[in-house]
Amino acid sequence: MRRIVVCGISNRALGMFIEPVIHDFDAENRIVGLLDVDDRRLELCKETYPELQDVPVYQPDQFEQMISETNPNTVIVASRDDTHIDYILRGLALDLNIITEKPMVTNADDAVKVMEAETKSKGTVTVTFNYRYNPYHRKIKEMIIAGKIGRITSVDLNWYIDTYHGASYFKRWNRKREHSGGLSVHKSTHHFDLVNWWIDQLPVEVFAYGALNYYGKDGELNPSPQDNRFCGTCAEQLNCDYYTRWSNRRNSQSVKDDHIQSSISQSNEPDYTGYRPDACIFDHEIEIEDTYVATVKYDKGAFLSYSINFSLPYEGYRLAINGTKGRIETAEYHEPSRVPFPIPEQTIDYFPLFGSKETIHVVKGEGGHGGGDPVIQEDLFLGIDPTRQYEILAGAEAGAYSIAVGEGVWRSSKSNQPIKIADLLKVPTLHENQ
Ligand SMILES: NC(=O)c1ccc[n+]([C@@H]2O[C@H](COP(=O)([O-])OP(=O)(O)OC[C@H]3O[C@@H](n4cnc5c(N)ncnc54)[C@H](O)[C@@H]3O)[C@@H](O)[C@H]2O)c1
């Protein structure tokens, strides 16, 4: 029996871990303790899942007490990003297995601490990179492993975040680098991990440009230069294009998204104490970037050309992976209900260097992130699928490399200098054949 304590009763924790453990994996798993800095979150959790009524609740300074009283073997970490490090290190010190949300931590220094602590612990660290489990992403991994495109030489990845999803980061704690590492860490950790995993090479050096173009005090669509507004109570709602596009005049959210919910509460109580997830996207405190382009060099010769933009008319990505024997291409338009134009079905195109093109129609699954979330939940709560032929569940090293690339991106954009991953992760030398 897996005995689980959950640190951080976030929206993500409720939907991704607590709900499936209670409803789908209850024969093998039990939640024995809940911890959050905010009592309202603990209360909300019990209102949503009465099955947890008798589970004891704790504050951050009671972590060790929680462990001794509830005797867990697994710690799920799903709190605000900058607080992950604390629970990962304290859990490893007590030889517990850690399952942490991405990003594992918010900077490379903390990632090094996690890797060092794991070597001294009987516990292990798993990072829940659910994008790997998307059926298209698994298919691409399988095509590369099968040698369809040979040795990988370059990757083009352009990620587009729409005005709804992009703005959501600038309304919440995610907009502060001290809390999230900035979006090249908080969000792009998914993308850098995917590339690192697909091509099975280690990143060596990053160069990037970054800018704040849409949000913050100079955002061109800011109705007026004021500070400290909140969408729900803003007098300028109808003058704000972001507000009017995604909300109606009764102030109810018209959009449903599997991983951004502004509210989960059925009652009229706020969902958080002393914090609102609808702060104005034009607030003056915003200084992280919303636009990046980056180049990454890898240890076995691949180059990545990456871009991300957090305020676009639709959401999705374009990907091409080139190798010595061929090329893989795909494009995705996320959440068809949110894209206001006709969109093509996602397929994967395979072009051998010489020969005929093949188009692959991937079998999709039900559930969040293209059907990836239920599959990672099975690996986490039933054990890794023994029939799968390749490694997919990520550990601390994968968490660290994805964060180091993300930190390299924002640091390079500030310094106008290339950043070496070995310097960030304090590894003496990374094997390089370039
Ligand atoms: N894999 C994915 O696709 C995905 C999607 C969404 C969020 N996430 C990750 O899940 C985590 C939660 O994100 P969210 O947007 O659902 O968060 P949220 O804003 O809903 O909740 C954050 C929670 O952290 C708690 N918290 C703050 N400081 C704390 C501390 N010191 N100790 C314990 N708890 C503390 C808050 O009280 C709150 O309950 C983040 O790490 C985020 O990056 C991952």
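Note that ligands are numbered from 1 as they come in the structure, with each ligand's atoms numbered from 1 the same way.
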Could you check whether atom CD of Glu19 has more than 12 heavy atoms from other residues, nucleotides or ligands sitting under 6.0 Å from it?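 Yes, because the 6.0 Å sphere around CD of Glu19 holds more than 12 heavy atoms from other groups.
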Taking atom CD of Gln53 as the centre, does the number of heavy atoms from other residues, nucleotides or ligands within less than 6.0 Å exceed 12?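 For Gln53, atom CD is crowded (more than 12 foreign heavy atoms under 6.0 Å).
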Closer than 4.0 Å to some heavy atom of [X] - which atoms of ligand 1 meet that?
X: His186; value: 42 (C), 43 (O)
X: Ile9; value: 39 (O)
X: His84; value: 41 (O)
X: Pro60; value: 32 (N)
X: Arg41; value: 37 (O), 39 (O)
X: Arg172; value: 15 (O)
X: Tyr87; value: 30 (C), 31 (N), 32 (N), 33 (C)

Among Tyr214, Tyr242, Trp246, which residue meets the side-chain hydrogen bond (donor to acceptor under 3.5 Å, both in side chains) test with Thr163?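 Of the listed residues Tyr214, Tyr242, Trp246, the side-chain hydrogen bond (donor to acceptor under 3.5 Å, both in side chains) partner of Thr163 is Trp246.
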Between [X] and ligand 1, is there a nitrogen or oxygen pair with a distance under 3.5 Å?
X: Arg12; answer: yes
X: Asp38; answer: no
X: Asp36; answer: yes
X: Glu101; answer: yes
X: Lys102; answer: yes

How about His137 and Tyr317: are their ring centres within less than 6.0 Å of each other?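 Yes, the ring centres sit under 6.0 Å apart.
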When the aromatic ring centroids of Trp159 and His334 are compared, is their separation below 6.0 Å?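 No; His334 has its ring centre 6.0 Å or more from that of Trp159.
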Have a look at ligand 1 and work out which part of [X], if any, has a heavy atom under 4.0 Å from it: side chain, backbone, both or neither.
X: Phe129; result: neither
X: Asn130; result: side chain
X: Ser10; result: both

Minimum distance, heavy atoms only, to atom 43 (O) of ligand 1: which one of Asp81, Asp86, Thr83 is it?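 Heavy atom nearest to atom 43 (O) of ligand 1 belongs to Asp81.
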Just going by heavy-atom distances, which of Leu42, Val37, Thr100 is nearest to atom 29 (C) of ligand 1?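 That would be Val37.
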Among the heavy atoms of [X], does any lie under 4.0 Å from an atom of ligand 1?
X: Met16; result: no
X: Cys7; result: no
X: Pro103; result: yes
X: Tyr272; result: yes

Tyr87 vs Phe63 aromatic rings, parallel, tilted or perpendicular, using cut-offs 30° and 60°?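 Plane angle between 30° and 60°, so tilted.
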Between Phe381 and Phe25, how do the two ring planes meet: parallel, tilted or perpendicular, split at 30° and 60°?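 Aromatic pair Phe381/Phe25 classed tilted.
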Sidechain N-carboxylate O distance under 4.0 Å for Arg40, Glu43: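 Answer for the salt bridge query: yes.
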Nearest non-hydrogen partners of Ile88 and Met104, listed with the distance: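 Scanning both residues, the minimum pair turns out to be CD1-O, 3.5 Å.
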On the six-membered ring of Tyr133, is Arg138 placed so that its NZ or CZ lies under 6.0 angstrom from the centre and within 45° of the ring axis?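 No; the conditions do not both hold, so Arg138 does not lie above the ring face of Tyr133.
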Ignoring hydrogens and geometry beyond distance, is a side-chain donor-acceptor pair present between His361 and Glu345 at under 3.5 Å?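 The answer is no; no qualifying pair exists.
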May I ask you to check whether Tyr306 and Ser188 show a side-chain donor-acceptor distance below 3.5 Å?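 Indeed, the side chains of Tyr306 and Ser188 share at least one donor-acceptor pair under 3.5 Å.
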What pairs meet the salt bridge (charged side-chain N to carboxylate O under 4.0 Å, His left out) rule with one or both residues in residues 376-395, with sequence neighbours excluded?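 Applying salt bridge (charged side-chain N to carboxylate O under 4.0 Å, His left out) to every pair that reaches into residues 376-395, excluding sequence neighbours, yields Asp379-Arg388.
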